[in-house]
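Here the structure comes first, spelled out in structure tokens, and everything after it is commentary.
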Amino acid sequence: MTHVMIVDALAGRVPPGSSITLKGWVRTRRDSKAGLSFIHLHDGSCFGQMQVVAPNTLANYDSEILKLTAGCSIIVHGQLVDSQGKGQDVEVQASSIQIVGWVDDPDAYPIAAKRHSFEYLREVAHLRPRTNTFGAMARVRHCLAQAIHRYFHEHGFLWIHTPIITASDCEGAGEMFRVSTLDLANLPRTSDGEIDFSQDFFGRPALLTVSGQLNVETYCLALSKVYTFGPTFRAENSNTPRHLAEFWMIEPEIAFADLNDNADLAEDFLKFIFRVLLDERPDDLAFFAQRIEPQCIKRLEGFIDSSFERIEYAEAIDALKRSGKSFEFPVQWGRDLQTEHERYLTEEHLKRPVVVMNYPKQIKPFYMRVNDDGRTVAAMDVLAPGIGEIIGGSQREERLDVLDQRIDEIGLNQDDYWWYRDLRRYGTVPHAGFGLGLERTIQYATGMANIRDVIPFARTPKNAEF
RNA sequence: UCCCCGAUAGCUCAAUUGGUAGAGCGAGCGGCUGUUAACCGCUAGGUUGCUGGUUCGAGUCCAGCUCGGGGAGCCA
């Protein structure tokens, strides 16, 4: 008897009549007076479950089988047969069932065989992977992560492992977490009363990265096509369904490329990973369509079949002004788009993902390339219905004199960016890249409303229990 | 961080104008059934988030706190 995963048994990759071993966790048990019990078994290999038929002739039927409850772990030996009942094609006629782990106090088992609210499940994050939703989420997340690596690998990109810890506190993407080994209760001080970071582990202030972009640009300007994919940290006190303090970000960077090349890449890339998801996880997507967001599969198919809507920032402003809508925040060239504006553009005006390009330079970071008009920079945001900003990117400023001017304008110190500036001194080339939030991508694909439910262990303000 | 809303049984919720708490699901026991969110009956299970206040009396009213949700800002 060989151990098979339920996915293989259900998919017909195991010949009917085979003697097999299954290992997994009980979801439900139903007893029949015909002298048998039905056990639905999950092992995480797919959305589906295997029905195990346990006859009362099993030695431990009365003593153990009848006491199985949701969550118990068991090993089943038996024969894979065509099901006599409705609801499944095959089932396993058990010849023996070994209980590996009981559930203490079934009355208080946190994952009962019933619906639970997501709010509640966040409080039992160590057990929620046993639910349909979080099993599906984990498989979708894995599938997308694999598809991302596959896309880049197949297109000649190198995965660059940019650092988690950075000494640069000027990455310009929000508040950062400090990394230190100093004794908080007894901080060393310099003569003028400041904290003496020369005594800290790195001999200088260190922080968790908010973006690998500046680092990955160095490899882009040597290896042409690169990307990062790793954890990213923001210490913002953000309490929303689309922000995490720790999230995973994908940041490709391409050399000899402009903003249009960048948008082309974003579009091709997203279509690829969603195609893979539709191909490889139809079971889980069907669940999300049935129980979470009815439109999610159609939305992905539509995404793949249609081209991105690309509009200029100035066009977006015009469209908002002509919308006739009364917005809480004013619509005016030179001001950033508010959430209500983005929602109108992507959910009402165009009703699909939209790329907004070429923003006023005063609302964007120093590293974005100044356009010929002198007023805008080559920035782009990809907005998705229901999620908002899913991608933020730009063509980078490759001209040292312009870059320096921007650093000065914004009030930053050129010396702090000495190695970044060096890239513009030695063989500079036009280049561009973007950042994609993995969790927001999963939200878009599944319809999951809260970002805390598309990552195994959410890190948010006042929450790091697990 | 700001603005709203919420916290009652293991879970999801109910409880009139303040009068000492109920249901469904889950769990246990029994019945029935190749069952499948099974069904029927019985049983157990609660210092109503915490602290204080008003009152003869607080789940209910008031204040503070903690936690959670939605919206906003920051962004991916």
Side-chain angles (χ1 to χ4, degrees), chain A residues 27-41 48-55 66-67 69-71 81 83-88 91 93 103-124 127 131-132 171-176 210-213 231-251 291 328-329 336-340 342-343 363-365 381-384 387-393 434-444 449-455 460-463 465:
Chain A
R27 281 290 176 80
T28 61
R29 189 199 89 234
R30 289 177 301 280
D31 306 317
S32 168
K33 264 298 176 286
L36 52 144
S37 291
F38 300 95
I39 299 165
H40 277 173
L41 193 68
Q49 60 203 340
M50 180 62 79
Q51 172 156 286
V52 174
V53 182
L66 289 179
K67 293 173 182 164
T69 57
V81 298
S83 179
Q84 298 173 34
K86 293 179 175 133
Q88 59 281 318
E91 63 191 18
Q93 196 72 35
V103 166
D104 281 353
D105 191 6
D107 183 35
Y109 180 57
I111 310 295
K114 55 163 293 192
R115 299 176 80 144
H116 295 285
S117 67
F118 290 137
E119 292 85 352
Y120 166 71
L121 290 171
R122 282 172 215 146
E123 296 171 8
V124 285
L127 296 173
T131 64
N132 281 334
E171 293 180 17
E175 294 296 311
M176 301 176 78
V210 293
S211 165
Q213 180 203 317
T232 308
F233 307 87
R234 304 276 166 89
E236 300 287 351
N237 190 9
S238 297
N239 294 286
T240 82
R242 34 179 207 289
H243 288 86
L244 291 166
E246 176 183 283
F247 64 99
W248 286 64
M249 187 156 65
I250 299 97
E251 297 175 285
R291 297 288 289 276
E328 184 183 349
F329 294 92
D336 210 351
L337 299 178
Q338 301 294 314
T339 296
E340 58 175 347
E342 296 180 345
R343 292 181 70 108
I363 58 173
K364 290 294 181 182
D381 284 352
V382 178
L383 312 176
I387 312 297
E389 187 177 342
I390 194 171
I391 278 179
F434 61 82
L436 171 75
L438 177 65
E439 286 76 17
R440 290 187 182 176
T441 307
I442 299 169
Q443 283 189 272
Y444 180 74
N450 196 308
I451 200 167
R452 299 166 195 209
D453 299 325
V454 295
I455 188 168
T460 54
K462 303 283 189 288
N463 181 6
E465 172 72 16

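Remember, it's a predicted structure, so these values are computed and weren't measured experimentally.
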How would RNA chain B look in dot-bracket form, 5' to 3', counting Watson-Crick and G-U wobble pairs with both distances under 3.5 Å and writing | for bases paired to another strand? (((((((..((((.....[..)))).(((((.......))))).....(((((..]....))))))))))))....
B:rG73 phosphate, OP1 or OP2: any side-chain N/O from A:Q338 under 4.0 angstrom? yes
With no angle test and no hydrogens, is the base of B:rA76 tied to the side chain of A:R234 by a donor-acceptor pair under 3.5 Å? yes
Does A:R452 place a side-chain N or O at less than 4.0 Å from the phosphate oxygens OP1/OP2 of B:rG69? yes
Distance between the P atoms of B:rG71 and B:rG10, in whole angstroms? 30 Å
Report yes if at least one side-chain N or O of A:T232 is closer than 4.0 Å to OP1 or OP2 of B:rA76; otherwise report no. no
Determine whether the aromatic ring of A:F38 stacks with the base of B:rG34, defined as ring centroids separated by less than 5.5 Å and ring planes inclined by less than 30°. no
C1'-based separation of B:rC56 from B:rA63 [nearest Å]: 23 Å
Could you give the distance separating B:rC39 and B:rG26 at their P atoms, to the nearest angstrom? 7 Å
Tell me whether the side-chain N/O atoms of A:R29 come closer than 4.0 Å to OP1 or OP2 in B:rU35. no
When we call it a touch if two heavy atoms are under 4.0 Å apart, what does A:Q88 touch: a base, just sugar-phosphate, or nothing? base
Can you tell me which nucleotide in B:rC11, B:rU35, B:rA72 comes closest to the side chain of A:E91? B:rU35
